[in-house]
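Just below is one structure, and these are the notes that go with it.
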Amino acid sequence: MLIKKPSDIRPSEITSESNYLSRRDFIRAGAIAGGTAFAPGALGAIVPEERGAALSDVGKSPLSTDEAPNSWEDITTYNNFYEFGTGKDDPHRNAQDFKTRPWTITVDGHAEKTGSFHFDDFIKPFDLEERIYRLRCVEAWSMVVPWVGISLAEVVKSFKPTSKAKYVAFQTLLDPVQMPGQRRGVLDWPYVEGLTIEEATNELSILAVGIYGRVIPNQNGAPIRLVVPWKYGFKSIKSIVRISFTERQPPTSWNISAPQEYGFYANVNPEVDHPRWSQARERRIGAGIFAQRQPTLKFNGYGEQVAHLYKDLDLRRYY
Ligand SMILES: Nc1nc2c(c(=O)[nH]1)N[C@H]1C(S)=C(S)[C@@H](COP(=O)(O)O)O[C@H]1N2
Ligand SMILES: [Mo]
């Protein structure tokens, strides 16, 4: 593991374009990236380490927010990824050596096209886009993250789901050897999540493979994770190995764990409190300790794109 003092890091290591990659080279990028973002330095300070390889051909999106993104440091050291521990700083420390190559994604269920695909082949047909989205955790903190991803709608359509496909289910890797958190019964492993097919094909839903134009760090869900910005963060499942088209609503990890606290829909909603805390306001990470908690927006501010999906749903009952 490389440990560097901040003064040893040349700006070129962070911004160099010499190792820009085409999507075809993504597989090598992941191998180079290794996942590392930060390592504890002398005296316990956190100092920047090598960042993942830069991604090329990343388009911009009108769906991005113009709010200021959180720093790379905030986004990659304050994480929820229980497979690597339940503390916010556990994932970035414990996921450094997580192997995301080779990586296979299996697509099954009610679709014309199914099968197992190498990560590279899986993402190759799709355009990489930057999507700067707000992320609102159910724990009442938030961030703004400049994801790089592919459209989930495009992915779903490419597998030609049949009329029986009413939901899309996702599963995280099960590997207790690499994921120390899976040796403890905090959740039912593997982590599973799901969306309705309408949610999965909404223009906002993406599968993210990068952050800040670089290969996504392990702690953020490498090599590929879901991002559904109008729902609480726990819906955005990390390190996906299986995508299934189902007729029935699939089980979801936090709902299994505490059904009275976490529903299937989990739309960000300041009007429906968590049984143990208010959801009316949120703490923006990086805003400083004296900053006021800011009001939480319904659907995390994405109502224009998604409110129609829920016009006939009682959001108190289907929380
Ligand atoms: N497999 C898996 N996916 C997960 C989680 C997890 O523990 N395991 N945590 C979720 C929660 S609660 C949040 S808020 C987001 C956090 O994503 P980030 O660490 O990239 O900010 O990931 C979600 N996806
Ligand atoms: Mo969360």
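Computed over heavy atoms, backbone and side chain alike; hydrogens, waters and symmetry mates excluded. Both ligands and their constituent atoms are indexed starting at 1 by order of listing. The first residue in the sequence is number 1, and the count goes up from there.
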Quiz item: Shortest non-hydrogen contact from Val306 to Leu204?
Solution: CG1-CD1, 3.8 Å
Self-check item: Minimum heavy-atom distance Asp108-Ser244, with the two atoms named
Solution: OD1-OG, 2.6 Å
Look only at interatomic distance and state if [X] has a nitrogen or oxygen under 3.5 Å from any nitrogen or oxygen of ligand 1.
| X | value |
| --- | --- |
| Gln219 | no |
| Asn220 | yes |
| Trp141 | no |
| Trp254 | no |

Practice problem: If the plane angle is over 60° it's perpendicular, under 30° parallel, otherwise tilted; pick one for Phe159 and Phe117. | Solution: perpendicular
Exercise. For the residue pair Tyr212 and Trp72, categorise the inter-ring angle as parallel (less than 30°), tilted (30 to 60°) or perpendicular (more than 60°).
Key: tilted
Quiz prompt | Test side chain to side chain contact (heavy atoms under 4.5 Å, CB included) applied to Val241 and Leu174, Leu173, Ile224, the passing residue | solution = Leu173
Could you tell me which atoms of ligand 1, counted from 1 in the order shown, lie closer than 4.0 angstrom to a heavy atom of [X]?
| X | result |
| --- | --- |
| Cys137 | 14 (S) |
| Thr172 | 1 (N) |
| Ile237 | 3 (N), 24 (N) |
| Ser236 | 22 (O), 23 (C), 24 (N) |

Practice problem: Would you confirm whether Asn202, through its side chain, and Ser205, through its main-chain N or O, come within 3.5 Å as a donor-acceptor pair? | Solution: no
For [atom], what's the nearest protein heavy atom and its distance?
| atom | result |
| --- | --- |
| atom 5 (C) of ligand 1 | Asn80 O, 3.6 Å |
| atom 6 (C) of ligand 1 | Tyr191 CE1, 3.4 Å |
| atom 15 (C) of ligand 1 | Gly233 O, 3.6 Å |
| atom 3 (N) of ligand 1 | Lys238 N, 3.1 Å |

Exercise. Flag the pair Gln219 / Phe84 as yes when at least one side-chain heavy-atom distance between them is below 4.5 Å, and no otherwise.
Key: no
Practice problem: Determine, using ring centers only, whether Phe98 and Phe81 are less than 6.0 Å apart. | Solution: no
Using a heavy-atom cut-off of under 4.0 Å, does the side chain or the backbone of [X] touch ligand 1, or both, or neither?
| X | answer |
| --- | --- |
| Tyr82 | both |
| Glu83 | side chain |
| Leu135 | side chain |

Quiz item: Strictly under 4.0 Å, does any heavy atom of Arg225 approach an atom of ligand 1?
Solution: yes
Quiz item: Is it the case that Lys235 places NZ or CZ above or below the six-membered ring of Phe264, under 6.0 angstrom from the centre and within 45 degrees of the axis?
Solution: yes
Quiz prompt | Ion pair Arg225/Glu83, N-O distance below 4.0 Å | solution = no
